[in-house]
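A short worksheet on the structure shown next.
Small disclaimer: the values here were computed from a predicted structure and weren't measured.
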Amino acid sequence: MARTWLMKSEPYKYSFDDLERDGRTPWDEIRNYQARNFMRDDMKIGDRVLFYYSNVQPPGVAGVAEVCSEPYPDETQFDETSNYHDPKATRDNPRWILVDVKPVKKLPRLVTLQEIKDEPKLQDLPLVRRGNRLSIMPVSEADADLIIDMANRPGPEDA
DNA sequence: GCCAACGTTGGC
DNA sequence: GCCAACGTTGGC
């Protein structure tokens with residue numbers, strides 16, 4: 001049974017438009033064990049992904065993507081010139097594992113964090129809970145469906 | 001730019 | 001294995 005995930009990206013580094021241009025991308029540079037474990041242990045090809053814009057004004061969900069590879073090592077951990085180089089990682093014993101993601105559809109508009117906070121049905125989303133710093137988190141099918149649905153309705157500022 | 005809330009590191 | 005110090009995330 002396919003699941004849904006929310007994955008954060010800073011759009012000035014990598015946006016949904018970039019993903020559409022590239023066709024697919026390795027979800028690299030994740031250096032958090034919990035986020036890695038989701039990719040390594042729980043994600044399956046075909047799982048749905050909500051592509052979330054963080055660290056911008058306003059933050060929110062911009063598009064739908066899909067997991068499109070088995071887990072494999074993040075190349076940036078082996079690159080000594082990268083900020084994400086991990087001296088303790090080796091080819092035989094890689095520490096950071098990722099999956100590839102491909103675009104499905106850009107949402108008609110951004111569903112903002114504020115809207116998600118204002119929606120009573122979405123209060124169980126890890127995103128709106130205190131101290132959420134996870135860059136990858138599971139989302140229930142119902143919550144994901146609702147967020148996608150919200151993108152097809154007018155935003156609060158259009159009301 | 002600030003800072004709260006977290007995760008990680010390393011000395012002990 | 002504890003925990004203080006430090007670094008990072010990310011909304012505001």
Side-chain angles (χ1 to χ4, degrees), chain A residues 3-20 22 25-43 47-65 67 71-101 103 106-140 143-144 146-151 153-159:
Chain A
R3 304 180 66 181
T4 301
W5 307 88
L6 183 144
M7 299 172 88
K8 294 180 184 175
S9 182
E10 297 172 355
Y12 48 89
K13 290 182 184 164
Y14 200 84
S15 70
F16 197 81
D17 293 331
D18 293 328
L19 181 61
E20 288 188 319
D22 293 344
T25 194
W27 204 264
D28 58 10
E29 303 182 347
I30 298 296
R31 294 295 180 267
N32 170 282
Y33 288 105
Q34 211 177 338
R36 177 205 66 183
N37 292 347
F38 283 139
M39 291 198 284
R40 187 190 61 188
D41 303 332
D42 298 320
M43 284 190 185
D47 276 4
R48 185 162 57 162
V49 173
L50 299 181
F51 196 112
Y52 178 86
Y53 286 177
S54 68
N55 241 313
V56 283
Q57 196 50 246
V61 176
V64 180
V67 175
Y72 66 97
D74 180 343
E75 271 303 310
T76 63
Q77 71 191 305
F78 307 124
D79 178 0
E80 291 181 19
T81 68
S82 167
N83 286 338
Y84 295 90
H85 177 239
D86 185 339
K88 293 180 182 164
T90 64
R91 295 269 173 194
D92 288 341
N93 192 14
R95 179 180 290 196
W96 304 108
I97 303 294
L98 53 68
V99 297
D100 286 356
V101 163
K106 188 170 183 172
L107 292 180
R109 66 179 185 81
L110 191 77
V111 178
T112 66
L113 178 61
Q114 188 60 52
E115 286 177 75
I116 291 170
K117 285 179 170 174
D118 289 344
E119 170 53 61
K121 291 177 186 163
L122 295 176
Q123 294 317 299
D124 287 334
L125 257 188
L127 189 69
V128 301
R129 287 211 292 262
R130 232 165 95 87
N132 80 93
R133 285 177 47 204
L134 256 189
S135 58
I136 298 177
M137 64 187 75
V139 181
S140 76
D143 288 356
L146 177 55
I147 290 170
I148 292 166
D149 200 50
M150 286 162 73
R153 300 201 299 259
E157 64 273 16
D158 301 322

Between [atom2] on [N] and [atom1] on [X], what's the gap in Å once rounded to a whole number?
| X | N | atom1 | atom2 | answer |
| --- | --- | --- | --- | --- |
| A:Leu113 | C:dT9 | CG | P | 18 Å |
| A:Glu29 | C:dT8 | CD | C1' | 15 Å |
| A:Tyr33 | B:dT9 | OH | C1' | 11 Å |
| A:Leu127 | C:dG10 | CG | C1' | 11 Å |
| A:Asn37 | B:dG7 | CG | P | 13 Å |
| A:Met7 | C:dT9 | CE | P | 16 Å |
| A:Asp118 | C:dG11 | CG | C1' | 15 Å |
| A:Lys117 | C:dG10 | NZ | P | 13 Å |

Checking all strands, does A:Tyr52 fall into the base, sugar-phosphate, or nothing category for heavy-atom contacts under 4.0 angstrom?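 Result for A:Tyr52 = sugar-phosphate.
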
Most 5' of A:Lys88 and A:Asn132 on DNA chain B, judged by nearest nucleotide: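 The 5'-side residue here is A:Asn132.
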
Tell me if the aromatic rings of A:Trp96 and A:Tyr33 count as close, with their centers under 6.0 Å from one another.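 Yes, the ring of A:Trp96 comes within the 6.0 Å limit of the ring of A:Tyr33, centre to centre.
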
So, A:Phe51 versus A:Trp27, ring centres under 6.0 angstrom or not?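 For A:Phe51 and A:Trp27, the ring centres are under 6.0 Å apart.
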
Look at A:Lys8 and C:dG10 and indicate whether a side-chain polar atom (N or O) is within less than 4.0 Å of OP1 or OP2.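 A:Lys8 to C:dG10 OP1/OP2: side-chain N or O found under 4.0 Å.
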
Between the side chains of A:Thr76 and A:Asp74, is a donor N or O closer than 3.5 angstrom to an acceptor N or O?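 Present: a donor and an acceptor within the cut-off.
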
A:Asp18/A:Lys13 salt bridge by N-O under 4.0 Å criterion: no

